[in-house]
Amino acid sequence: MHALLADELRAYSADDPRTLELRRQIGELQKSTGDVESARSTLAGLLDDLGRLYGPDHPATVRVRDGLTRLAP
């Protein structure tokens, strides 16, 4: 997945919706495989970017924030 993300970043900007969605999917995959620390890191970085781009109340931001909250210890 990280190789795919690298390809996406070469083709599109880091702020492109396709790149942002791929980052979310990577975080969800990390979570589903039990790699909670990596998922937390991936989703926290994504949350910062979504908040910067769309604001705190945008559905994408809320979705990632909620998913990150569920990862809290």
Side-chain angles (χ1 to χ4, degrees):
M1 291 294 276
H2 289 287
L4 179 57
L5 179 59
D7 287 344
E8 289 279 316
L9 289 170
R10 280 191 289 277
Y12 309 107
S13 75
D15 294 340
D16 186 277
R18 292 168 283 207
T19 305
L20 296 168
E21 174 59 17
L22 181 57
R23 289 171 60 199
R24 187 195 65 75
Q25 290 175 3
I26 290 170
E28 292 296 325
L29 181 62
Q30 290 166 326
K31 181 174 71 171
S32 72
T33 62
D35 190 357
V36 176
E37 289 304 315
S38 292
R40 191 174 287 124
S41 177
T42 298
L43 295 174
L46 178 57
L47 181 61
D48 290 343
D49 290 341
L50 291 171
R52 174 180 54 82
L53 291 167
Y54 302 130
D57 298 324
H58 188 276
T61 308
V62 171
R63 180 180 185 184
V64 170
R65 185 173 50 243
D66 289 349
L68 192 55
T69 299
R70 287 190 293 275
L71 286 176

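Residue numbers count from 1 along this sequence. The figures that follow rest on heavy atoms only: side chains count, while hydrogens, waters and symmetry mates do not. Source: prediction; values computed, not measured.
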Any chance you could measure [X], atom [atom1], to [Y], atom [atom2], to the nearest 0.5 Å?
X     : Y     : atom1 : atom2 : value
Tyr54 : Thr61 : OH    : OG1   : 8.0 Å
Gln25 : Leu46 : CD    : CG    : 11.0 Å
Ile26 : Glu21 : CD1   : CD    : 10.5 Å

Give me the atom names and distance for the closest heavy-atom approach of [X] to [Y].
X     : Y     : answer
Leu5  : Arg23 : CD1-CG, 3.9 Å
Leu71 : Leu43 : CD1-CD1, 3.9 Å
Ala39 : Gly27 : CB-O, 3.4 Å

Taking the side chain as everything from C-beta on, heavy atoms only, tell me whether [X] gets closer than 4.5 Å to [Y].
X     : Y     : result
His58 : Leu50 : no
Leu22 : Met1  : yes
Pro56 : Arg65 : yes
Leu20 : Leu53 : yes
Asp15 : Arg52 : yes

Establish whether Leu4 and Leu9 are linked, either directly or via other cluster members, by ILVMFWY side-chain heavy-atom contacts under 4.5 Å.
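Result: yes, single cluster for both.
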Using only atom types and a distance under 3.5 Å, with no angle test, would you say the side chain of [X] pairs donor to acceptor with the backbone of [Y]?
X     : Y     : result
Thr19 : Ser13 : yes
Ser41 : Glu37 : no
Ser32 : Leu29 : yes

